[in-house]
Amino acid sequence: MSTNTHKVEVEAYGIAGLAVASIAFYAFPMTPLYGAAWALPVLALVAEFIRMPVSSNGLRFSFPLPFLAGLAVAGGPFLALLVDVVITIVAGLVPKAAQWRWIVVNSSAAAISCGGASVAYAATSSQVNGSVLPALAFCVVYGIVNYLLVMRIESRFAKTVVRRSANRALGGSGAFAERAPALMVYGLVTVAVAVLAERGFYAIIPVTLLPVLALRASIALKAQMYEQYCETITGLSLMLQRAHPYTHGHIERVARISEEVALRLGLSERQARLVREASVLHDIGKIAVDESILDKPSKLNRFEMDHVRKHAQFGAMILAPVEPFREIVSWIKHHHERPDGLGYPSGLQDVEIPLESKIIAVVDAFDAMAGGQEPSERRTYREPMTQAEALQELEKYAGTQFDANVVKAFVGVVTAQ
Amino acid sequence: MMDLEASVVVALVGVATLTLMFNVTVRQPMRIRRRLDQSLEAFSRAIELRFPGREGMTHRVVRLSQAVARRLKLDRRSTNQLGRAAILSEIGLCAVPYRQLNERAPDDWSEPERDLFRRHPEIGAAMIELIPSLRSVAPIVRCASAAYNGSTGPTFPSHNALPLESRILKVVTDFVDLERQKGTQRAIDHLQQNVQALYDPAVVEAFLDTVHSRSRKNLAMNRLAS
């Protein structure tokens with residue numbers, strides 16, 4: 001995206017944020033804070049600074065939402081919006097490499113999220129007594145608006161620092177069930193702060209920083225577990241590449257295309273991500289295969305063929321001890337099965353073969369035929385085919401060696417590129 | 001005084017906080033350690049599948065190394081690191097040709113092949129450097145086959161600059177390798193003959209004490225059983 005387009009978008013965010021703030025100023029009267037109620041903006045600022053990085057492109061989570069909800073109760077929704085914008089600007093000014101355009105984008109996102117949440121808060125307050133439901137409405141709407149805004153900003157301004165509320169981390173793509181407990185706790189703390197603020201128990205509110213800190217630590221540990229999982233994949237891949245250097249480019253290509261084929265076949269994002277990871281590891285069993293047989297330029301004899309074919313089972317044996325891989329172990333074990341039952345190692349029939357294995361089989365075969373244009377990646381036993389020739393081979397054996405639907409989806413992906 | 005609604009909400013937050021804190025201090029760290037052990041098991045299994053003759057060796061090296069570490073009064077963290085290093089020091093073996101280790105005896109290897117085998121911990125260390133959570137173990141792995149007198153492996157200004165964990169791994173790994181090829185007594189003889197040149201004397205002494213006390217323990221248990 002060009003710099004001018006970026007500039008226009010940033011200005012648009014800035015204008016939108018100002019507009020929302022202005023409307024909120026007139027729509028929601030502000031009540032001044034007194035005494036211990038000032039704990040709320042201070043806690044919101046502290047929560048903003050305990051943000052944590054969650055991705056290499058600069059995305060960070062912060063946790064001010066409970067205290068913003070408390071401010072909406074104590075001083076009105078506009079006060080919550082004002083504090084949210086101010087703490088975002090302050091947090092944006094702290095890094096040495098602070099960039100004004102990101103401060104504008106982030107604070108506008110804060111204003112828009114808080115503006116939407118304020119509307120929900122006001123609408124719910126007018127309908128019900130008490131602060132539980134209005135606080136929940138504030139929390140949910142803030143989360144949804146913030147999530148949508150951050151998704152958009154992420155897609156438009158990749159590889160830049162974007163503040164996003166913990167709601168994104170707690171929701172995010174992937175299995176909702178995994179994140180539901182954290183979402184519930186966050187919502188509960190938000191409601192608790194709102195209830196305490198409504199009743200004037202401001203002295204107790206700082207204690208709610210404890211569950212927020214614990215939640216942050218829990219998210220950090222989950223991120224660490226995920227990093228560890230990725231590092232295991234890296235470690236095993238490195239071992240394979242040391243044993244068989246030609247596989248590096250092959251793995252990268254198969255992984256990328258497998259994920260796209262999975263999405264085209266209607267698998268969820270989470271499932272497609274797992275297919276990608278399985279594709280990175282699909283040949284891991286070749287660590288245990290004699291490289292002189294793999295690299296043999298002439299036809300393999302029966303014994304050599306049997307030896308090479310063991311790589312599918314070896315792959316499953318290597319990955320079996322690792323809990324996070326248990327879902328993909330069978331996909332890797334069966335990635336050389338065939339719908340006509342003539343595959344290996346188990347000779348499974350069509351319906352018995354996991355769809356994910358079928359995807360890897362097609363992509364793996366295509367890349368074996370047409371991939372490896374660099375000399376170091378060439379297979380020793382044949383020259384690579386052209387893409388068109390390789391696609392023809394796939395279509396010729398669709399229904400027998402390869403699943404016909406998977407071939408169709410694969411052809412769609414390749415021709416769209 | 002809090003009303004019922006506020007009390008319930010605060011109580012729920014209290015329960016949630018306690019649960020979270022239990023997760024953060026006990027459950028999740030335990031899961032992380034368990035997953036790390038599982039990952040190391042996967043690495044170890046990959047090497048054992050590549051070189052079936054080495055099956056069981058890695059686990060023996062881990063157990064013996066940690067026993068020696070305890071005898072030398074290393075703290076728990078260092079002992080755990082040593083266990084991880086023992087497994088990771090093997091991953092460089094994936095660079096050793098399949099047939100060299102599976103089909104030919106070490107006595108028949110050429111000098112370049114011997115050199116590649118000796119350097120496999122350094123190869124493994126270079127791979128580990130690329131994995132952030134394991135990087136701290138890389139220095140131990142890199143020197144796992146270094147001679148005490150500096151004649152092979154990375155050079156150090158003095159004997160004691162070589163990490164103690166590496167000195168332990170050198171003794172234990174060589175012993176286990178030789179024991180498999182030539183028997184226990186010859187492996188012990190080799191260690192004793194090469195103290196100071198290849199092996200740290202204090203580590204060899206601790207190792208021999210460990211092995212002998214295990215032998216005595218096994219003997220006593222056999223007598224009890226019979």
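Given the structure is predicted, the values throughout are model-derived calculations rather than measurements.
- One finds the OG atom of B:Ser133 at 14.5 Å from the OH atom of A:Tyr229 (value rounded to the nearest 0.5 Å).
- Between A:Glu323 and B:Arg34 there is a salt bridge, since at least one side-chain N of the basic residue sits less than 4.0 Å from a carboxylate O of the acidic one.
- The number of heavy-atom neighbours closer than 6.0 Å to CG of B:Asp108, taken from other residues, nucleotides and ligands shown, is above 12.
- Atom NZ of A:Lys222 and atom CD1 of B:Ile32 lie 11.0 Å apart (nearest 0.5 Å).
- Side-chain contact between B:Glu5 and A:Arg199 is present, with at least one heavy-atom pair separated by less than 4.5 Å.
- Annotation: side chain of B:Leu49 is not in contact with side chain of A:Ile287 (no heavy-atom distance under 4.5 Å).
- Judged purely by atom type and a 3.5 angstrom limit, B:Arg45 has no side-chain atom pairing as donor or acceptor with the backbone of A:Leu319.
- For chain A, the nearby part of B:Val10 is the side chain; its heavy atoms alone come within less than 4.5 Å.
- Atoms CD1 and CD1, from A:Ile233 and B:Ile131 in turn, are 11.5 Å apart once rounded to the nearest 0.5 Å.
- Considering CD1 of B:Ile123 and CG of A:Leu238, their distance stands at 13.0 Å, rounded to 0.5 Å.
- Taking the six-membered ring wherever Trp is involved, the centroid distance between the rings of A:His307 and B:Tyr98 falls below 6.0 Å.
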Criterion side-chain hydrogen bond (donor to acceptor under 3.5 Å, both in side chains) on B:Ser39 and A:Gln228, from CA distance to verdict: CA-CA 9 Å; B:Ser39 299; A:Gln228 196 179 60; 5.5 Å; no

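- Residue contact with chain B, scored on non-hydrogen atoms closer than 4.5 Å, involves the backbone and the side chain of A:Val322 alike.
- Here the NZ-CZ distance, from A:Lys286 to B:Arg50, works out to 13.0 Å after rounding to the nearest 0.5 Å.
- If you measure heavy-atom distances from A:Ile204 to chain B, the contacts under 4.5 Å come from the side chain alone.
- You'll find the side chain of A:Ser292 reaches within 4.5 Å of the side chain of B:Arg99, heavy atoms only.
- Taking each heavy atom of A:Ala192 and B:Val13 in turn, the nearest pair found is CB-CG2, 3.4 Å.
- Most heavy-atom pairs under 4.5 Å with chain B: of the set A:Asp290, A:Thr232, A:Thr208, this distinction falls to A:Asp290.
- Distance check, rounded to the nearest 0.5 Å: CD1 of A:Ile318 to CD of B:Glu41 gives 11.5 Å.
- For B:Pro97, the parts lying under 4.5 angstrom from a heavy atom of chain A are both the backbone and the side chain.
- For the set B:Leu20, B:Leu18, B:Val9, B:Thr19, the count of heavy-atom pairs under 4.5 angstrom toward chain A peaks at B:Leu20.
- Only the backbone of A:Val289 comes within less than 4.5 Å of a heavy atom of chain B; no side-chain atom from C-beta onward does.
- Heavy atoms from other residues, nucleotides or ligands lying under 6.0 Å from CD of B:Glu55 number 12 at most.
- In terms of heavy-atom pairs under 4.5 angstrom with chain B, the leader among A:Ala220, A:Ser218, A:Gly130, A:Ala243 is A:Ser218.
- Contacts of B:Ala16 with chain A are made by side-chain atoms alone, with heavy-atom separations under 4.5 Å and no backbone atom involved.
- Side chains of B:Gln38 and A:Pro324 form a contact here, defined as non-hydrogen atoms less than 4.5 Å apart.
- B:Arg135 has no carboxylate O lying under 4.0 Å from a charged side-chain N of A:Glu231, or vice versa, which leaves the two without a salt bridge.
- Around the CZ atom of B:Arg186, the shell of radius 6.0 Å holds no more than 12 heavy atoms that belong to other residues, nucleotides or ligands.
- Using a 4.5 Å heavy-atom threshold, the side chains of B:His120 and A:Arg242 count as separate.
- For CE of A:Met225, the number of neighbouring non-hydrogen atoms (other residues, nucleotides, ligands) closer than 6.0 Å is greater than 12.
- Most heavy-atom pairs under 4.5 Å with chain A, from the set B:Leu134, B:Asn23, B:Leu12, B:Leu93: that is B:Leu12.
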